[in-house]
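Heads up: the structure comes next, in structure tokens.
One-based numbering along the sequence shown. Computed from a prediction, not measured in an experiment: that's the story for all the values here.
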Amino acid sequence: MGHVQGLRCRECSRSFPAAALHVCDFCFGPLEVAYDYAAVAASVSRESIAAGPPTIWRYGAMLPVAHDDAVDLGAGFTPLVRADRLASALGLGELWVKDDTRNPTGSFKDRVVSVALTKSRELGFKVAACASTGNLANSVAAHAARAAMDSYVFVPANLERVKIQTTAVFGGNLIAVDGNYDDVNRLCAELASEHPDWAFVNVNVRPYYSEGSKTLAFEVAEQLGWEVPDHVVVPIASGSQLTKIHKGFHELTAVGLVEGGDSVRISGAQAEGCSPVATAFAEGSDIVRPVRPDTIAKSLAIGNPADGWYALQVARSTGGAIGSVTDAEIVEGIRLLARTEGIFAETAGGVTIATLAKLAASGVVRSDERVVAYVTGTGLKTVEALGDDVGPSAVIPPTLEAFAAVVEKGTTR
Ligand SMILES: *Cc1c(COP(=O)(O)O)cnc(C)c1O
Ligand SMILES: [Zn+2]
């Protein structure tokens with residue numbers, strides 16, 4: 001953590017040591033990691049990064065931990081895929097998909113958890129904990145197993161069955177809570193003060209956790225040959241990922257690795273059934289009013305988003321927008337991405353692609369822009385969201401005649 005100056009309050013700018021702290025004593029504002037950018041600039045180059053491992057740890061100099069002993073399952077450096085077929089379906093020009101379905105536990109959460117648990121171990125914690133909408137549960141349980149830490153993972157009881165099983169298999173403590181994510185989160189805030197010896201990745205070590213999302217900006221710039229895109233579309237749950245992608249593009253410019261990082265337009269995507277930030281954006285309001293989530297996009301179902309206000313400011317100040325889409329549009333987004341690009345995303349990816357389609361249709365995302373859509377989780381964990389519309393084209397007895405009859409009729413697509 002050579003280049004970390006400490007933690008800084010995002011509201012009043014007071015400084016704190018780089019400990020397990022997350023709120024400011026003076027104003028209750030959230031804390032964020034501050035770096036000595038001159039020192040970072042002196043220690044990294046495009047070449048030194050290229051010589052690093054094909055994971056988030058190639059950007060270790062810009063992360064808040066000592067990375068020679070990382071809790072690492074290989075998160076990051078996922079493909080950036082040129083998406084020409086999707087672009088033409090949406091009337092766009094240069095479109096790229098950041099395929100974060102291809103992480104160790106199938107979502108971008110592996111980036112943030114790898115950083116959070118590395119820092120937690122460095123701070124001496126033996127127990128990792130979290131409140132999760134699903135993907136965080138998978139990732140914390142897996143990384144804790146890898147790090148030989150105990151884990152306590154709290155999830156809403158109505159989570160997709162696969163996300164329960166694919167968390168439980170890693171052997172930590174998995175507690176299903178009768179309530180929605182916001183209830184789970186409130187319980188965890190109480191537990192965090194009762195168990196100061198637990199590292200709650202999205203509570204007391206949240207400032208470190210959230211830094212992991214900057215790698216989504218770092219990788220895109222490196223994969224575009226050290227250039228930044230014009231416009232990116234990012235899904236919003238708590239809003240942390242979106243604000244840190246913004247910070248990531250800023251830092252790349254601050255340390256001299258790219259030009260123009262501060263002019264990337266950043267748009268957000270939410271499900272209509274949980275769209276407090278999109279609603280505030282549409283109303284031109286500064287107040288993100290909490291909602292009770294009701295959507296198939298469970299990984300994004302945070303009704304009271306901790307970083308919602310900051311995400312709103314980022315979208316406004318960069319010239320982006322925040323859109324929302326219905327559950328039916330989410331499913332169509334998943335299917336459109338799958339049939340045009342061969343990428344199977346979860347509901348959050350459906351939210352991103354469907355919102356991109358809307359923003360393209362309304363002219364917010366333009367065909368003369370270089371656009372990146374962040375697809376943040378794999379579809380294999382949310383297959384139930386697809387319903388009965390996705391199935392065999394035909395069911396036949398094992399005879400040539402039966403198949404010929406199907407061909408005659410044409411397939412169901
Ligand atoms: C958690 C999650 C997000 C958004 O995370 P925030 O940083 O809380 O906004 C996006 N996509 C997927 C698949 C997630 O699991
Ligand atoms: Zn403060």
Side-chain angles (χ1 to χ4, degrees), residues 1-10 13-24 29-44 48-49 52-53 55-73 75-77 108-125 128-130 136 139-140 143-144 146-147 149 192 198-219 221 238-255 257 261 306-307 310:
M1 49 175 273
H3 309 311
V4 172
Q5 289 176 322
L7 298 176
R8 188 181 301 139
C9 176
R10 274 153 96 180
S13 298
R14 278 192 172 82
S15 295
F16 296 84
L21 301 170
H22 65 113
V23 280
C24 173
L31 303 182
E32 177 169 64
V33 180
Y35 299 82
D36 178 348
Y37 289 138
V40 175
S43 77
V44 295
S48 71
I49 289 169
T55 68
I56 61 167
W57 296 104
R58 66 205 278 109
Y59 310 103
M62 302 169 81
L63 294 172
V65 290
H67 51 278
D68 40 4
D69 187 25
V71 179
D72 182 16
L73 289 169
F77 218 58
F108 101 97
K109 291 295 196 304
D110 292 324
R111 299 173 180 274
V112 283
V113 171
S114 180
V115 175
L117 290 206
T118 300
K119 184 66 188 182
S120 301
R121 202 161 65 174
E122 194 181 299
L123 290 169
F125 287 102
C130 71
L136 187 59
S139 190
V140 166
H143 284 85
R146 175 81 181 172
M149 293 173 85
W198 291 6
F200 264 97
V201 302
N202 49 354
V203 185
N204 55 343
V205 293
R206 185 175 178 87
Y208 308 100
Y209 158 93
S210 54
E211 288 290 292
S213 287
K214 294 188 308 189
T215 58
L216 284 163
F218 299 162
E219 289 176 19
S238 72
S240 171
Q241 178 183 161
L242 184 144
T243 58
K244 295 302 169 175
I245 286 174
H246 180 238
K247 189 183 185 198
F249 284 125
H250 167 74
E251 287 187 346
L252 288 174
T253 296
V255 305
L257 286 167
D307 291 292
Y310 295 102

Test log, rule side-chain contact (heavy atoms from CB on, under 4.5 Å), inputs Trp57 and Phe77: CA-CA 9 Å; Trp57 296 104; Phe77 218 58; over 6 Å; no

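- No option in Thr215, Ile56, Val205 other than Ile56 meets the side chain to side chain contact (heavy atoms under 4.5 Å, CB included) test with Val115.
- Once rounded to the nearest 0.5 Å, the distance linking CD of Glu32 with OG of Ser13 reads 10.0 Å.
- Between Lys244 atom NZ and Ser240 atom OG the span is 6.5 Å, to the nearest 0.5 Å.
- Scanning all heavy atoms of the two residues, the minimum distance from Ser120 to Ala116 falls at OG-O, 2.7 Å.
- Contact check for Val201 versus Val112: no side-chain heavy atoms found under the 4.5 Å cut-off.
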Worked verdict on Leu31 versus Arg8 for side-chain contact (heavy atoms from CB on, under 4.5 Å): CA-CA 5 Å; Leu31 303 182; Arg8 188 181 301 139; over 6 Å; no

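- Rounded to the nearest 0.5 Å, atoms CZ (Phe108) and CD (Gln241) are 4.0 Å apart.
- The backbone N or O of Gly212 sits nowhere less than 3.5 Å from a side-chain atom of Arg111 that would complete a donor-acceptor pair.
- Asn204 meets the side chain to side chain donor-acceptor pair (under 3.5 Å) test with no other residue; sequence neighbours excluded.
- The number of heavy-atom neighbours closer than 6.0 Å to CZ of Arg10, taken from other residues, nucleotides and ligands shown, is above 12.
- Look at Asp72 and Arg146 and you find no salt bridge, because none of the NZ, NE, NH1 or NH2 atoms lies under 4.0 Å from a carboxylate O.
- In this structure, Ala18 and Leu7 approach most closely via the heavy-atom pair CA-CG, 4.2 Å.
- Counting only heavy atoms from C-beta outward, the side chains of Leu117 and Tyr209 never approach each other to under 4.5 Å.
- Within the model, atoms NZ of Lys247 and CG of Leu252 stand 12.0 Å from one another, a figure rounded to the nearest 0.5 Å.
- When the side chain to side chain donor-acceptor pair (under 3.5 Å) test is applied to Glu251, the partners found at least two apart in sequence or on another chain are Tyr37, Lys214.
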- request: Please test Ser139 against Asp110 for side-chain hydrogen bond (donor to acceptor under 3.5 Å, both in side chains), starting from the C-alpha separation and ending with a verdict.
  value: CA-CA 6 Å; Ser139 190; Asp110 292 324; 2.5 Å; yes

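- Scanning both residues, Val255 and Ala41, for their nearest heavy atoms gives O-CB, 3.6 Å.
- Rounding to the nearest 0.5 Å places SG of Cys9 at 12.0 Å from CG of Leu21.
- Using a 4.5 Å cut-off on side-chain heavy atoms (C-beta onward), Phe249 and Ile245 make contact.
- Of the possible polar contacts, none joining the Thr118 side chain to the Ala70 backbone as a donor-acceptor pair under 3.5 Å is found.
- Arg206 and Ser238 make their closest contact through NH2-OG, 3.1 Å (heavy atoms, listed as atom of the first residue, atom of the second, distance).
- Considering Glu211, Gln5, His3 as possible partners of Tyr35, the one that fulfils the side chain to side chain donor-acceptor pair (under 3.5 Å) test is Glu211.
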Verdict with reasoning, Val65 to Tyr208, per side-chain contact (heavy atoms from CB on, under 4.5 Å): CA-CA 8 Å; Val65 290; Tyr208 308 100; 5.6 Å; no

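- From Phe218, atom CZ reaches atom OG of Ser213 across 10.5 Å, with rounding to the nearest 0.5 Å.
- The backbone N or O of Asp69 lies less than 3.5 Å from a partner atom in the side chain of Arg121, making a donor-acceptor pair.
- Listed for the Asp307 side chain is no donor-acceptor partner under 3.5 Å among the backbone atoms of Tyr310.
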field: Step-by-step side-chain contact (heavy atoms from CB on, under 4.5 Å) determination, Val203 to His22
entry: CA-CA 7 Å; Val203 185; His22 65 113; 3.9 Å; yes

